[in-house]
Amino acid sequence: MNTVCSAKTAIREIVFRAMADTKVTDVHTHIYSEGFGPLLLWGIDEILTYHYLVAETMRWIEMPYEEFWALSKPAQADLVWQTLFTQHSPYSEACRGVLTVLQKLGLDVSSRDLESYRAFFRRQSVGGYIDRVFELAGVESVVMTNDPFDDLERPVWLGGRERDPRFHAALRIDGLLNSWEAACPRLRDWGYDVREDFGGQTCPEVRRFLREWIERMDALYMAVSLPPSFAFPEDSARGRLIESCVLPVSREEKVPFALMIGVKKLVNPQLRLAGDSVGKGSIEAVEYLCANYPDNKFLITMLSRENQHELCVAARKFRNLMVFGCWWFLNNPSLIEEMTRMRFELLGESVIPQHSDARVLDQLVYKWAHSRRIIGDVLADKYADLAATGWKISEDEIRRDVADLLGRNFWRFLGIRG
Ligand code: FIX
Ligand code: ZN
């Protein structure tokens with residue numbers, strides 16, 4: 001049906017129908033397919049011990065950090081539930097997310113009965129549950145975060161595993177770029193002739209390492225998270241590795257380079273994964289990369305709210321730059337709305353508005369339910385503004401745009417499917 005629509009309400013209905021019907025490609029997650037075994041986190045105890053919730057819980061309790069980490073996972077989850085959901089109202093985004101998951105699974109949220117939720121998850125089989133979560137979240141496929149320096153993950157790749165076409169890989173190279181001194185001896189152990197001082201065959205060997213893992217993983221892109229102080233060009237091991245290894249391989253293998261800029265690692269190490277923070281990054285490094293490597297493609301997300309406007313403007317200047325997602329501390333309704341409005345106004349449709357960053361499988365359900373609502377709201381306003389000029393928009397056109405935003409822009413940027 002190709003409905004020509006003008007009334008604001010009619011537009012909203014069509015936009016939300018399109019948002020609900022369109023399956024997402026989730027371009028950045030930390031979840032794994034079944035073949036990765038225990039690396040795939042799911043279920044209520046994993047949901048409740050998500051590092052976002054641990055950070056929020058530790059604000060209320062006096063317990064020494066190490067005492068918390070010494071607790072069993074269910075005991076940690078009990079403490080989070082008690083502190084954030086029983087002793088306080090769970091309206092933080094991460095808390096609300098837990099309730100959205102339970103609601104979408106058809107569980108009785110009003111019962112507040114953690115044991116009954118646990119009983120539900122005990123009845124699930126992982127394979128069937130992956131299917132159910134993808135269905136509930138409206139997700140077609142996800143891109144994992146795959147780190148060859150991770151001692152739990154590497155053997156799975158080297159051992160060969162059953163592939164699930166819904167789980168794509170991304171080669172994560174923080175270990176290589178941010179800790180070269182530590183990476184070097186490991187690369188040598190794995191048969192790469194590299195030297196800390198970049199002597200000998202180091203760069204060709206690092207390129208070999210990248211190519212071999214891109215092929216082994218069939219990686220869609222290479223990715224790294226970077227501090228606010230990230231600069232490029234830079235006379236450092238990281239600067240040299242990016243210039244002489246990552247960019248050439250990215251170009252030749254037609255695999256974009258994703259830079260996630262602005263994380264201050266472990267400002268409070270006792271909080272472990274929950275201990276990272278944010279800082280404003282330099283847009284100059286992004287502009288330099290895009291300007292000086294026009295044949296390279298860059299997927300960029302920045303963690304600081306203060307970088308978002310200049311990042312949109314940089315993307316207006318460089319078509320080899322694709323902005324993606326409301327990353328981490330920005331993945332909150334008020335900021336998603338602010339960023340999405342600004343991006344649509346400055347970039348139109350040529351953006352990847354969101355990724356989930358799900359660390360626990362179930363989180364796909366709430367992160368996409370919440371983001372679909374906000375992106376849909378903003379989109380409906382944009383079409384209503386068009387209609388106010390007399391422009392006639394069709395349902396097919398709205399569905400085309402939504403398909404671009406929730407998946408096709410990514411695949412098109414990768415040059416894989418349009
Ligand atoms: O670097 C990243 O990919 C970050 O997303 C993670 O390290 C972070 O811990 C996270 O889960 C954010 O949502
Ligand atoms: Zn992430």
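Counting starts at 1 for both ligands and their atoms, in listed order. Position 1 is the first residue of the sequence, and the numbers go up from there.
At least one N or O atom of H30, backbone or side chain, sits closer than 3.5 Å to an N or O atom of ligand 1.
Note that CZ of R373 is 13.0 Å distant from CD1 of I336, once rounded to the nearest 0.5 Å. Considering CD of E397 and CD of E395, their distance stands at 11.0 Å, rounded to 0.5 Å.
When D357, D276, N331 are ranked by how near their heavy atoms come to atom 5 (O) of ligand 1, first place goes to D357.
At least one donor-acceptor pair closer than 3.5 Å links the side chain of Y117 to the backbone N or O of D108. W327 places no side-chain N or O within donor-acceptor distance of the main-chain N or O of M260, the cut-off being under 3.5 Å.
The NE2 atom of H30 and the NE2 atom of H28 meet at the Zn ion (ligand 2) at an angle of about 110°, given to 10°.
For atom 10 (C) of ligand 1, the closest non-hydrogen atom on the protein side is H51 NE2, 3.4 Å. In this structure, the protein non-hydrogen atom closest to atom 7 (O) of ligand 1 is R359 NH2, 3.3 Å. Looking at atom 4 (C) of ligand 1, its nearest protein heavy atom turns out to be W327 NE1, 3.5 Å.
Taking the Zn ion (ligand 2) as reference, D357 places its N/O/S atom OD1 nearest.
Close approach of ligand 1 to H28 is summarised as follows: ligand atoms under 4.0 Å from at least one heavy atom of the residue are 3 (O), 5 (O). Remark: ligand 1 atoms within the under-4.0 Å shell around heavy atoms of Y52 are 12 (C), 13 (O).
A salt bridge does not link R172 with D150: every distance from a Lys NZ or Arg NE/NH1/NH2 to an Asp or Glu carboxylate oxygen is 4.0 Å or more. Contact check on D276 versus K265 returns a salt bridge, with a Lys/Arg side-chain nitrogen under 4.0 Å from an Asp/Glu carboxylate oxygen.
Side-chain atoms of D401 and Y383 include a donor-acceptor pair closer than 3.5 Å.
Contacts with ligand 1 closer than 4.0 Å are made by side-chain heavy atoms of R172 only, the backbone lying farther away.
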